[in-house]
Number of protein chains: 2
Amino acid sequence: MQLDKVVNYHKALADPTRIKILILLAEGELNGQVLAEKLGVTPATITHHAAKLREASLIKERRDKNTIYFSLNHYFIKNSASATENLIYQRVNPEHTAERIPDADQQLRESVIKNFFTQDGKLKSIPAQLKKKLIVLTHIVSMLENGRKYSEKEINEFIAGFHEDFATIRREFIMHHFMYRDNGVYELNPQEMWARWEDLK
Amino acid sequence: MQLDKVVNYHKALADPTRIKILILLAEGELNGQVLAEKLGVTPATITHHAAKLREASLIKERRDKNTIYFSLNHYFIKNSASATENLIYQRVNPEHTAERIPDADQQLRESVIKNFFTQDGKLKSIPAQLKKKLIVLTHIVSMLENGRKYSEKEINEFIAGFHEDFATIRREFIMHHFMYRDNGVYELNPQEMWARWEDLK
DNA sequence: TATTTAATTAGATGAATATTAAATTAGACG
DNA sequence: CGTCTAATTTAATATTCATCTAATTAAATA
C-alpha cells in the first residue's frame, strides 16, 4: 500500500535533527562521528537517524576503511517538496531560492517517470527513445548504494524488482557506463552517472 | 526559524489517519461526524487531526449552522510533494498520474511567490503587473478561513503580518472581489476567489 | 595479537502524540 | 426554556520515538 510509503517519507522529514543532517550533507559528505559532533548528539543517535533517512532513500552511504560517509541522494531530494528543498540547499546554493523556473528537462524527467513507472515503482516498459531511456536508467540506478560492490546475483534481483528483463537493463547500465564490472563484481560509476544526469538538464 | 515550519508540515503528513482525511476531502467537503464514521474513529479524534492539518494550512473550514465542513486548501496541497499530491488526488482525478507537465502559469505562480515573498512568508513588495499582483493576492487570501467573518481590525492585523501597507492590500482585496465588506465585517468571496484562480491557469 | 577507531546494537528513559470516554460548549429550533 | 446535534475540551491510556549509556562488532594498524 502506498499510504505507508508516503507516511514514512514524511516521518523521515518530520524531525529537526534529521533535517539538520540533510542540511549538513548538502555541503558535502560526512561520516557519523563528525555529524554527531556538529549536532551535539552521540554517534548512536546518528545511526538511528541514518536508518530512517536511508529507508526513505534520502541518503546514500559509502564505506572507506571503517568509516562510513553519508551523502544526499539528490535524486530523491530534488523530487520532494520545494520548501524542503530550499531549506536544505539554501546554505550551499543561495540562488536556489531565487527565480528558478523548472526547466523543460526537469519536466520531461517527471513526465517520463510518471509514464514509465507504475504507482508502486515497477517499470512498465523500456523507452526506445535514448533520452527517455537514460532518465529511466538514472532513476533505477539511483536506488543503489554508492561505492558498494554488488554480485551479479544481487544486481539481477535488484533490477528484477523493477522489470522482468533484468539482463537487458543490466547490459544498458554497462553500455551507458552507469556501472562497471570488475571480474563478476558490479559497482556504481558515480562520476559517469552524475555526468549523464547533468547532460539531461 | 523555518526549520520548525518544515518539520511541522511534514509532521502533519506523517500520520496515516490524516492522509486518509485528505484523501477523503479530495472528493469534496465533509463534516467531522461523517469523517469519523468513514474512518472508524470518534469525532474527538477528528477534531485532534483537524487542528494539526489546520496548523499546516492544509485544510479550510466552513461553518453552516452548527456543522463544520472541512475542505482541502488546494493552494497548499498543490505546492507540496508530487508523491503526496498524487496519492491524495488520484482517486478523484486519475489523469493526475498520467503525463501532465506543469503548465506555464503554474511555473509563473511558483516563481512569483519565490520572488515576492521572503523565506518566512513576508511580502517584499506589491507587484505592479496585474497578473503577478493577482497571484500575490490569491496567495495571501488563501490563508484566511472560508466562511468566517473578520473584523476590520482582524483583517488589518492579518495583512500586516505580510506587509506594512495593509490598507492598500485590503483595498485590492475588495477591488478584485477577493472579499466583500458588509457593514464593517469582512468575509471571503470564495467563488470569486477560485474563479480568478482558474483565470490564472 | 593487542590496540585503536568508527559504527552498531540493546536496553532504558522520557517526551510526544494518537486515541478514547466523558463532560462541556455552541447553535438551531420547537 | 428545553432539547437536539455537532464539535470541542479534558483527562487518562497506550504507543511511538528520540536520545542516551554501555556493550559489542568490524576493520585497520602498530
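Note on naming: letters A, B, ... go to the chains in the order of the sequence lines (proteins, then strands), and numbering restarts at 1 for each one.
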Discussion item. Could you tell me how far apart Ile68(A) (CD1) and dT8(C) (P) are, to the nearest whole angstrom?
Written reply: 4 Å

Worksheet item: Counting only side-chain N and O atoms of Lys65(B), is one of them less than 4.0 Å from OP1 or OP2 of dC29(C)?
Response: yes

Worksheet item: dA18(C) C1' sits how many Å from Ile19(B) CD1, rounded?
Response: 15 Å

Item to complete: Let me know the distance between CG of Asn8(A) and P of dT16(D), rounded to the nearest Å.
Response: 13 Å

Worksheet entry | Note, Leu22(A) side chain near Ile59(A) side chain (heavy atom, < 4.5 Å) | yes

Worksheet item: With sugar-phosphate meaning primed atoms plus P, OP1 and OP2, does Thr45(B) contact a base, only sugar-phosphate, or nothing at under 4.0 Å between heavy atoms?
Response: base

Practice prompt. Measure from CG on Asp64(A) to P on dA28(D) and round the result to the nearest Å.
Written response: 9 Å

Worksheet item: Which whole-number value in Å describes the distance from Leu39(B) CG to dT20(C) C1'?
Response: 15 Å

Practice prompt. Would you kindly give the CD-to-P distance between Glu61(B) and dA6(D), to the nearest whole Å?
Written response: 17 Å

Worksheet item: What is the distance from CG of Leu35(B) to P of dT5(D), rounded to the nearest Å?
Response: 19 Å

Worksheet item: Hey, what do you get for CD (Glu37(B)) to CG (Leu30(B)), rounding to the nearest 0.5 Å?
Response: 11.0 Å

Practice prompt. For residues His48(B) and Lys52(B), determine if any side-chain heavy atom of one lies less than 4.5 Å from a side-chain heavy atom of the other.
Written response: yes

Fill in: Side chain of Thr67(B) (C-beta onward), nearest among dA28(D), dA7(D), dT17(C)
dA7(D)

Response to the item:
Interatomic distance, CG@Asn31(A) vs CZ@Arg62(A), rounded to 0.5 Å, equals 10.0 Å

Worksheet item: Can you check whether Thr42(B) has a side-chain N or O nearer than 4.0 Å to OP1 or OP2 of dT19(C)?
Response: no

Worksheet item: Among the nucleotides dG27(C), dA21(C), dA18(D), which one has an atom lying closest to any side-chain atom of His49(A)?
Response: dA18(D)

Worksheet item: Any idea which of dA6(C), dT19(C), dT8(C) is nearest the Thr17(B) side chain?
Response: dT19(C)

Item to complete: Would you indicate, yes or no, if dA18(D) has its OP1 or OP2 atom less than 4.0 angstrom from a side-chain nitrogen or oxygen of Arg18(A)?
Response: yes

Discussion item. I need the Leu13(A) CG to Tyr9(B) OH distance, nearest 0.5 Å.
Written reply: 9.5 Å

Discussion item. Test your reading of the model: is there a side-chain donor-acceptor pair from Lys124(A) to the backbone of Asn115(A), 3.5 Å cut-off?
Written reply: yes

Worksheet item: Between Gln33(A) and dT5(C), does any side-chain N or O lie under 4.0 Å from OP1 or OP2?
Response: no

Worksheet item: OP1 or OP2 of dT8(C) sitting under 4.0 Å from any side-chain N/O of Thr47(A)?
Response: yes

Worksheet entry | Listed nucleotide nearest any side-chain atom of His48(B), set dC20(D), dT5(D), dT19(C) | dT19(C)

Worksheet item: So, does the side chain of Asn66(B) form a donor-acceptor pair with the base of dA6(D) at under 3.5 Å?
Response: no

Item to complete: State which of dA26(C), dA10(C), dA18(D) makes the closest approach to the side chain of Ala44(A).
Response: dA10(C)

Discussion item. For a quick test of reading the model: is some side-chain N or O of Lys11(B) closer than 4.0 Å to OP1 or OP2 of dA16(C)?
Written reply: no

Discussion item. Distance check needed: dT5(C) P versus Arg63(A) CZ, whole Å only.
Written reply: 17 Å

